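Remember, it's a predicted structure, so these values are computed and weren't measured experimentally.
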Amino acid sequence: MRFTSLLVTTATALIASLGFSAGAHAEGQIRIAQQFGIGYLILDVVQDQKLIEKYGKQQGLDIKVEWNSISGATAMNEALLAGALDVVSAGMPPMLTLWDRTRGRQNVKAIASLGSMPNYLLSNNPKVKTLQDLSDKDRIAVPAAGVGYQSRTLQIETARVFGKADYKRFDNISVSLSHPDATVALISGGSEINTHFSSPPFQYQALENKNVHKIISSYDILGGPATFNVLYTTQKFHDDNPKTYKAFYSALVEAAQFIRANKAKAADTFIRVQKSKLAPEFVRKIVEDPEIDFTVSPQRSYVYADKLHDIGVLKNRAASWKDYFFEEAYAQPGS
C-alpha cells in the first residue's frame with residue numbers, strides 16, 4: 001500500500017506523477033484519493049486499520065489499495081474521468097456537478113458520505129457581520145473560487161439574500177487559496193485576505209484568535225446538519241468491480257462505527273495518518289464536537305441538488321438523493 005501526497009492541477013500531471021494507466025484493471029485493485037483535513041477521518045481509519053483488505057479477504061479477494069492525497073476538487077474530477085483514479089472525494093457541489101455533466105456517459109455517482117460538519121464563513125474585519133456588509137474592498141479566501149464547496153454554498157445563500165440573478169455577487173472578490181494558507185492570512189492580518197470560508201479543523205484554529213469572528217455557518221444556510229464531503233466513482237468501476245466495491249463500502253461503514261465508539265482513538269488516528277502537528281487535545285475536541293457527525297449516510301445533500309439546479313448550476317434536476325448515489329447507499333438512511 002502506498003500513500004502519495006500530491007498538489008496537482010490537471011489529470012495529465014497526476015497520471016504522469018504516479019505512472020498510472022488510464023486503462024481498465026481487474027477486480028481486486030482500488031485507487032483512492034482524498035484531500036486534507038479532519039473531514040476525511042473515515043478514510044484515515046479505513047487506511048490505518050486496513051479495512052478494505054479485511055473485507056476483501058472475506059470474499060476471497062486480496063485487494064491492492066493505493067492511497068493518494070490531492071488538493072482540489074478540479075484535479076480530483078479530472079483524474080477520475082481520465083481513469084487515473086477509481087474513487088475520489090470532494091464536497092457535495094463538485095460531486096453533483098460531475099454527476100450532472102456525466103449523465104448518460106460515465107455516470108458518476110456518490111458512494112457514501114464522509115460525514116456532516118459545518119463550514120464557517122469567518123472574517124477579521126470588524127465591520128463585516130453579515131453578507132450585506134461585504135464590499136469590493138474585501139477578499140474571500142476559498143479553496144476553489146466559484147466552483148468549490150465553499151463557493152457554491154456561498155452562492156446559495158447569496159441567491160437567497162440578493163436574488164437568483166445575483167448569485168455570483170461575491171465571485172469577483174473570492175480568491176482561490178488553500179485552507180492552511182487562508183487561515184494563516186486571517187490570523188496574521190495585514191493581507192488582502194480578510195475573510196475565509198473555512199472548514200474543520202482550520203476554522204477552529206482561526207477562532208482562537210480574538211480578531212476573527214464567524215459570519216455564518218453552512219448549517220445556517222442548509223437548514224441544519226448537512227453532508228460536507230462525499231466519495232464518488234464511475235458507473236464502470238462500480239459495475240466491473242462488485243467485490244472490491246462491496247469491500248470498500250463495508251470498510252467505510254465500519255470506520256464510521258469505530259469513530260463514534262472510539263473518538264479519542266479516532267483523533268489519534270487522524271494525527272498519525274495525516275501526520276498532523278495539531279495538539280491531540282485540540283483534535284479530540286473537534287472529533288467530539290456535537291455539530292460533527294462522522295456518518296456514511298448523506299444528510300441534507302438534496303438541498304444542494306435542488307438549490308444548485310434552481311440557480312442554473314445543474315442542468316438536471318434530481319428527484320431525490322438516490323438519483324446521485326449508487327444503490328449500496330440505500331441501505332442507510334439518507335436525505
Do the numbers put K265 on top of the ring of F258, so that NZ or CZ is under 6.0 Å from the six-membered ring centre and no more than 45° off the axis? no
Per side chain to side chain contact (heavy atoms under 4.5 Å, CB included), V108 is matched among N77, L96, T97, T234 by T234
Is the backbone of I111 close enough, under 3.5 Å, to the side chain of E328 for a donor and an acceptor to pair up by distance? no
Same hydrophobic cluster for V287 and L43, using side-chain heavy-atom links shorter than 4.5 Å among ILVMFWY? yes
Per-pair distances, 0.1 Å, donor-acceptor, side chain in residues 206-215, under 3.5 Å, sequence neighbours excluded:
unit_1, atom_1, unit_2, atom_2, d
N209, OD1, N211, N, 2.8
H213, ND1, S123, O, 3.1
H213, NE2, V128, O, 2.6

Under 3.5 Å donor-acceptor, N194 side chain and N124 backbone: no
Members sharing I193's hydrophobic cluster (side chains within less than 4.5 Å): V175, L177
Cluster link Y324 to V147, ILVMFWY, side chain under 4.5 Å: no
Any side-chain heavy-atom pair of P94 and R152 under 4.5 Å: no
Side-chain donor or acceptor of D48 paired with backbone N/O of D44 under 3.5 Å: no
Are Y245 and T233 close enough that some pair of their side-chain heavy atoms sits under 4.5 Å apart? yes
Between F248 and N241, is any pair of side-chain heavy atoms under 4.5 Å apart? no
Report yes if the side chains of F36 and S178 come closer than 4.5 Å at any heavy-atom pair, otherwise no. no
Under 3.5 Å side-chain donor-acceptor pair for D86 and Q29: no
Any heavy-atom pair between the side chains of F170 and Q155 that's under 4.5 Å? no
Within the side chain of S297, is there an N or O that forms a donor-acceptor pair under 3.5 Å with the backbone of P333? yes
Students often mix this up, so state it plainly: with edges at 30° and 60°, are the rings of H238 and F326 parallel, tilted or perpendicular? parallel
Do H196 and H179 make a side-chain contact, defined as non-hydrogen atoms from C-beta onward lying under 4.5 Å apart? yes
Would you tell me whether S276 and Q274 have side-chain atoms, one donor and one acceptor, within less than 3.5 Å of each other? no
Using residues 277-284 as the side-chain source, report each donor-acceptor pair under 3.5 Å to any protein atom, sequence neighbours left out, with the distance given to one decimal.
unit_1, atom_1, unit_2, atom_2, d
R284, NH2, D268, OD1, 3.0
R284, NH2, D268, OD2, 3.4

So do the side chains of L114 and S89 get within less than 4.5 Å of each other, counting heavy atoms only? yes
Exam field: side chain S113 to backbone G115, donor-acceptor pair closer than 3.5 Å: yes
Examine distances only and state if a side-chain atom of Q203 and a backbone atom of Y120 form a donor-acceptor pair shorter than 3.5 Å. yes
Quick check: does any side chain N or O of S176 sit under 3.5 Å from a backbone N or O of A145, one acting as donor and the other as acceptor? yes
Evaluate the side-chain proximity of K57 to D62: yes if any heavy-atom separation is below 4.5 Å, no if none is. yes
Can you check whether Y149 and Y304 have ring centres sitting under 6.0 Å from each other? yes
Between D323 and K109 (salt bridge meaning N to carboxylate O under 4.0 Å), is one present in this structure? no
Short question: side chain of D100, backbone of K315 - any donor-acceptor pair under 3.5 Å? yes
Going from NE2 on H309 to CG on N316, what distance comes out if it is rounded to the nearest 0.5 angstrom? 7.0 Å
Do any N or O atoms from the side chain of S199 and from the backbone of N119 form a donor-acceptor pair under 3.5 angstrom? no
Going through the checks in order, is the side chain to side chain donor-acceptor pair (under 3.5 Å) test met by Q299 and S116? CA-CA 7 Å; Q299 294 180 309; S116 296; 2.4 Å; yes
Without swapping roles, check the side chain of Y302 against the backbone of A318 for a donor-acceptor pair under 3.5 Å. yes
Examine F294 and F202 and state if one hydrophobic cluster contains both, with Ile, Leu, Val, Met, Phe, Trp and Tyr joined whenever side-chain heavy atoms are less than 4.5 Å apart. no
